[in-house]
Amino acid sequence: MTSTSDQPILVAAATGEPEVNPYLMGVYAPVGEEIDASDLEVIGKIPNDLNGVYLRNGPNPRFEPEGRYHWFDGDGMIHAVHLENGKARYRNRWIRTKAFEAESEAGKALWKGVMESPKGNPFGNTHGLKAKDSANTDLIFHRGQVLSTWYMCGTPYAVDPLSLETLGAEDFLGTLVGDMMAHPKVDERTGEMFWFDYGPRPPYLRYGVISADGKVASTTEIELPGPRLPHDMAITENYAVLMDLPLIQDLEAARNGRHKLLFDRSLPSRFGVLPRYGNGSQIRWFEAGPCYIYHVVNAWEQGEEIVLDVCRVQRPQPRADAHTPLAKMLSYLRLDASLHRYRFNLRTGQCLENQLDDDNTEFPSVDSRVVGGRNRFSYAVHISPDSTLKFDGLVCYDNRAGTKTEHRFGPGRWGSEAPFAPRDGAAADSDDGYLVTFVQDEREGRSELDIFDAADLTAGPVARVLLPQRVPLGFHATWVRADQLEPSCN
């Protein structure tokens, strides 16, 4: 495929009429080159006390897709900017997954995507789902490397945070059996990583802990009433929080080899709390109103309660007038989420919930050093009302003051997830640092890295690093500090 916006016209199976897929065009169009560039042009000044690397994952199909393309199908590609002493270097690389290597050898796409029957696909994950594990979703730093993970449970791939070389499938010194879902959580205070895995057959949910020495230290099965599709989890100082949400797999479709989702409003949302190293028999379930949750902000313990902040989706289903596969995909990807808080009382078993903001915000983050502890500040992107999923601004929430500040990128300018990047030597959970994000200007066909003072979003970027190629809109990002890079620096 090329880096232009001239992408194929796809055909809708239901009508036979041609449909243009916007997730292969314009700001979503894949790029075809892996490049390295240094001494990048900067508008403004990169702060000298901002040192580390910003990495963002996303779908970037290498070959022309077979059949209908879903935005989630594309091969994982990481785009990264390394900031050091006021200078910036850019690099992008595909993630060399097992499926990517198979298609590279064949010279063409071998997998059809999630909107097609998977029956002819070569292989899938350990649950028998024959979708293409592209590791295109999340990025998290752990033990000197970045782990790239997939949204439907797959193999975690280790990537060097500077060279972006794929180091290989990560099995944690041979101790990981099976798959791992995107969005594991790392406790930087202990060095542990917490993860889960789900599937269409019992056990429907597994939960585990990677110890600070890089091995699986604990794994347990969680009993559920049927197959579910949890997307994220949370940790506190002593507990893990897992989810059983009423977005469920259509069993009839599954029997016919298709992947189809149903949102059952007759079912509650359930949140399972268990000790970090507990087993499934110790889980305590708390019920709340039906919803779906893609992403957790953070969780912490407060007296007898666990407090959980999330981006809550009220209607995780296509519109009633979405009759074609493409229309359903566009509808599913129109996130309608808002900041929401749950309180689980460990003594009484009571669950309280309330909406904290009515704005459409998602892809949240906190200072990575306070994950699992009480945070004052959190950050998110603002969702555009556009017909496709685009981020038109940034939001900062101050839990102590109960306020929020915002920045909009401007007409035709779209951002990426913006993790908090602390100033060198800054205290944890202060706003003494920066937000870093890719911004794509569709009018100019150009991308840049924008750096914001986290304490003053409204002032706009303090620096704009102009990139040597366009960065397509994508998924999750992470910031790796310079002190974390030292063991792997090359």
Are the aromatic ring centres of Phe409 and Phe391 under 6.0 angstrom apart?
-> no
Pick one: which of Arg62, Lys98, Lys132 meets salt bridge (Lys or Arg N to Asp or Glu O under 4.0 Å) with Glu103?
-> Lys132
Evaluate ring-ring contact (aromatic ring centres under 6.0 Å, His included) for His295 paired with Phe363, printing each intermediate quantity in order.
-> CA-CA 6 Å; His295 301 120; Phe363 284 60; 4.9 Å; yes
Min side-chain heavy-atom separation Phe172-Met180 under 4.5 Å = yes
From the list Phe420, Trp479, Tyr434, ring pair (Phe, Tyr, Trp, His ring centres under 6.0 Å) with Tyr379 holds only for Phe420
Hey, what's the ring geometry for Phe344 with Phe286, parallel, tilted or perpendicular (30° and 60° as the breaks)?
-> tilted
State which residue, out of Glu442, Glu448, Glu444, fulfils the salt bridge (Lys or Arg N to Asp or Glu O under 4.0 Å) condition with Arg413.
-> Glu448
Heavy-atom side-chain contact between Pro230 and Leu205 under 4.5 Å | yes
Do the side chains of Thr149 and Trp195 get nearer than 4.5 Å, heavy atoms only?
-> no
What do you reckon, is CZ of Arg400 surrounded by more than 12 foreign heavy atoms closer than 6.0 Å?
-> no
Ring geometry between Phe196 and Tyr198 (parallel below 30°, tilted from 30 to 60°, perpendicular above 60°) | parallel
Quick one: does Pro422's side chain get under 4.5 Å of Arg369's, heavy atoms only?
-> yes
What is the ring orientation for Tyr342 with Phe271, classed by angle as parallel under 30°, tilted 30 to 60°, or perpendicular over 60°?
-> tilted
Neighbour count >12 (heavy atoms, 6.0 Å) for atom CZ, Phe72 = yes
Please name the pair of heavy atoms, one in Ile95 and one in Ala135, separated by the smallest distance, quoted to 0.1 Å.
-> CD1-O, 3.2 Å
Below 4.5 Å, heavy atoms only, C-beta onward: do Met243 and Arg228 meet side chain to side chain?
-> no
Would you call Arg446-Asp441 a salt bridge at under 4.0 Å N-O?
-> no
Lys404 versus Asp359: any side-chain heavy-atom pair under 4.5 Å?
-> yes
